[in-house]
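Predicted, not measured: the structure shown is a model, and the values here were computed from it.
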Amino acid sequence: MRKFGVAKRVLMLVLCGMLAVPAVGMLGRPMVVEAAQDDSVPEAKKSARNKKANNLKSYYDKYANLMSAEDKTALNTSVNDIITQITKPKDDNSDYVVSNADADELITIMKSRIDTAAGVTKSDEKEEPSDPAPDPTPKTTNNNIMIGGNWVTPVANAGQHVNVVLPVVNMGRTLVKNAVVTPQISDDAAKWPFEIETSNYTQTIDYLPGTDDGGTDMDRRRELTWTLKTRKDAPSGYMPIAFDVTFEKEDRTLETVTLTSYVNVVGTTGVSSDGTASTPRVIVTGFSTSPEVVHAGETFTLTLHMQNTSKATAVQNMLFDIQAASESTDTTYVAAAFLPTAGSSTIFVDRIGAGATKDISMEMEARSDLSQKPYVVNVKMNYEDENVNAYENTASVSIPVRQEARVDISSIDVMPDSIEVGSEVNVMFSIYNIGKTKLYNTSVKFVADSVTGGDTYLGNIDPGATANLDAYLTGAAATMDDGIVKIQITYEDEAGEAATIEKEMTLFVNEMYFPEDMGMEGDMFGDDMMNEKGGFKLWYVLVPLVLIAAGAAIFLVIRHKKKKKAAELLEAIDDDELADVEEVDLSDGDEEEKEE
């Protein structure tokens, strides 16, 4: 029981030590089985203990490729630690620190962890005996030089050094000597992703024993290491590295084999999978102008926003040539729409880092005869990458130009120059488009308290064209000021923005005139009334009405007198003389009526 308790404590200490060792620190460390070097441990125990260690190593190698990279690294560390523990002698060198029982238990636990990481169940794999018997007959009589297993693929980061280890194993029966190992070097980054820093990368192995010479797989294995610097332009991914191995066999003949290992290159994003460096692109991401609106004939500052789209390569020694497109309506004169005020159209930039941005500015002047529309500015770029490879690129931007609208009018004709309330006046003038931009939706409006009406729509007016206005205004109220009537001319430019200009004219509106004497003998038909010109005359209605009313009154008075006189005569005569008297009186009345 005491022995069992001690074994358990040792087992727990070993497992704790396994978990405490950082996996990263063990990356790339080969699993080497080393027996105790002291002769105090019996040879039989050494052999048995080494077989246990080799059995565990072989079990790990068998399933390493089925594990994830993380499990593979962690278990590699744990297996190495267990091998160290079970092959470590005591201080007095009489035996091992870990007993056989504890060693078997550690190996069993480790194999279980390997099974779990590799996804192997007991139904998938039958446990092999810990001490397999040797094959009675050899499987091959040829020397077999190959790469040993259980090695983590090295990670080569662009621009950094990495250790590339090649484990060479003799799997043949016979001894080989004077093995010369040379990597296949190339200036193609897709074949050799490392800087060529020396003229000779050859390494040698004095001898490699075969299986007939006895010893374990580790005895027939040698590891060669190269420290290499990864190229900055190396493509990313797993890349094969080839090594030529020339060795001497027992019959002193030479044989050459090629061994291929792999490295995981973490290269730059600016390199394609075949190792060809991508072209760093410099583009114009936008622009701005100051002032924001560019008018023909004015000076402005153009600012271009540049970006190096490459995430891996900086660009340098950059020359930008900014040229506006040439355009003119005159066939005898063609010039650029914009001209730099400094005389030079080029800008130099020393460097733009990978993925960085840069603003460049130039002061320019827009020609005064430009039409209102966008004008193209071409940006030609010449630059180099970090390896002094030259590149060219061209980008374009469009800058809108506004042309100020210019409007003028002719003299204003007002007929008559004064009216009465309710009368009309005729206004005529012409509108001239003297600018270089078309006027859209042109309209005219008259604004004053004394008049109404006259609003007129003239439509579109082309550059250099004329629009004529002929409007009628009506007097609405008597003029109480200096008689100014505002003329508002409204139009839109090609950008759809409305503008209004104002002109003025003079028109007086008078109150309607009523004469004091409406009689026939008065001044109703005086010279002033007869000579007045223009407009509607109220007198033309009132005078006939007065004459008709006067005639009707006279007729009614005469008729009333006749009826009154007839009534008086009828009362004066007798009834028997009524007929005669009536005839005489009526005849007399008619004569009197005639006299009257």
Side-chain angles (χ1 to χ4, degrees), residues 232-233 268-272 276-404 436-437 494-495:
K232 291 183 178 180
D233 60 346
T268 60
T269 56
V271 179
S272 60
T276 303
S278 63
T279 301
R281 304 292 183 185
V282 179
I283 63 172
V284 179
T285 59
F287 74 95
S288 61
T289 60
S290 179
E292 184 176 356
V293 178
V294 178
H295 289 91
E298 295 184 355
T299 300
F300 66 97
T301 300
L302 172 64
T303 301
L304 299 172
H305 310 304
M306 317 300 296
Q307 181 179 10
N308 177 10
T309 60
S310 175
K311 302 298 183 183
T313 305
V315 291
Q316 58 193 5
N317 197 23
M318 310 185 69
L319 187 66
F320 298 93
D321 188 9
I322 303 174
Q323 294 285 349
S326 298
E327 184 171 335
S328 178
T329 56
D330 187 353
T331 57
T332 62
Y333 172 73
V334 178
F338 310 120
L339 297 175
T341 57
S344 174
S345 62
T346 58
I347 297 176
F348 177 80
V349 174
D350 181 58
R351 186 177 187 274
I352 301 179
T357 60
K358 179 75 174 181
D359 288 349
I360 59 175
S361 299
M362 176 175 289
E363 187 178 65
M364 310 185 79
E365 181 180 359
R367 282 198 349 237
S368 60
D369 61 343
L370 297 179
S371 301
Q372 181 164 301
K373 66 176 183 178
Y375 288 87
V376 175
V377 174
N378 298 314
V379 184
K380 185 177 180 180
M381 297 170 274
N382 293 273
Y383 53 92
E384 299 171 350
D385 62 12
E386 294 176 331
N387 297 321
V388 200
N389 296 315
Y391 300 95
E392 290 185 2
N393 193 18
T394 301
S396 300
V397 295
S398 295
I399 301 177
V401 174
R402 296 286 182 85
Q403 181 67 252
E404 290 288 351
K436 296 183 180 298
T437 181
E494 293 186 353

Any donor-acceptor pair under 3.5 Å from Glu392 side chain to Met381 backbone: no
Main-chain N/O of Gln372 paired to Arg402 side chain as donor or acceptor, under 3.5 Å: no
Residues 289-300 side chain polar contacts: donor-acceptor under 3.5 Å, at least two apart:
{"residue": "Thr289", "atom": "OG1", "partner": "Pro291", "partner atom": "O", "Å": "3.0"}
{"residue": "Thr289", "atom": "OG1", "partner": "Glu292", "partner atom": "O", "Å": "3.0"}
{"residue": "His295", "atom": "NE2", "partner": "Glu404", "partner atom": "OE2", "Å": "3.3"}

Supply the atom-to-atom distance [X] [atom1] to [Y] [atom2], rounded to the nearest 0.5 angstrom.
{"X": "Met306", "Y": "Ile283", "atom1": "CE", "atom2": "CD1", "answer": "8.5 Å"}
{"X": "Gln403", "Y": "Ser368", "atom1": "CD", "atom2": "OG", "answer": "8.0 Å"}
{"X": "Thr301", "Y": "Met362", "atom1": "OG1", "atom2": "CE", "answer": "11.0 Å"}
{"X": "Asn393", "Y": "Tyr383", "atom1": "CG", "atom2": "OH", "answer": "5.0 Å"}
{"X": "Glu363", "Y": "Leu339", "atom1": "CD", "atom2": "CG", "answer": "12.5 Å"}
{"X": "Leu319", "Y": "Asn382", "atom1": "CG", "atom2": "CG", "answer": "6.0 Å"}

Tyr391 vs Val282, side chain to side chain contact (heavy atoms under 4.5 Å, CB included): CA-CA, chis, key distance, verdict: CA-CA 10 Å; Tyr391 300 95; Val282 179; over 6 Å; no
Ala324 versus Ala337, closest heavy-atom pair with distance: CB-N, 4.2 Å
Atom of Asp385, atom of Gln316 and distance for their closest heavy-atom approach: O-NE2, 3.1 Å
Side-chain heavy atoms of Val284 within contact of His305, under 4.5 Å: no
Close side-chain approach of Pro280 and Asn308, heavy atoms under 4.5 Å: yes
Check against side chain to side chain contact (heavy atoms under 4.5 Å, CB included), Tyr375 and Ile399: CA-CA 5 Å; Tyr375 288 87; Ile399 301 177; 5.5 Å; no
Contacts table for residues 342-355: side-chain donor-acceptor under 3.5 angstrom, sequence neighbours left out:
{"residue": "Ser344", "atom": "OG", "partner": "Thr346", "partner atom": "N", "Å": "3.4"}
{"residue": "Ser344", "atom": "OG", "partner": "Thr346", "partner atom": "OG1", "Å": "3.1"}
{"residue": "Ser345", "atom": "OG", "partner": "Asp321", "partner atom": "OD1", "Å": "2.9"}
{"residue": "Ser345", "atom": "OG", "partner": "Gln323", "partner atom": "NE2", "Å": "2.9"}

Residue among Val397, Asn378, Val377 satisfying side-chain contact (heavy atoms from CB on, under 4.5 Å) with Ile322: Val377
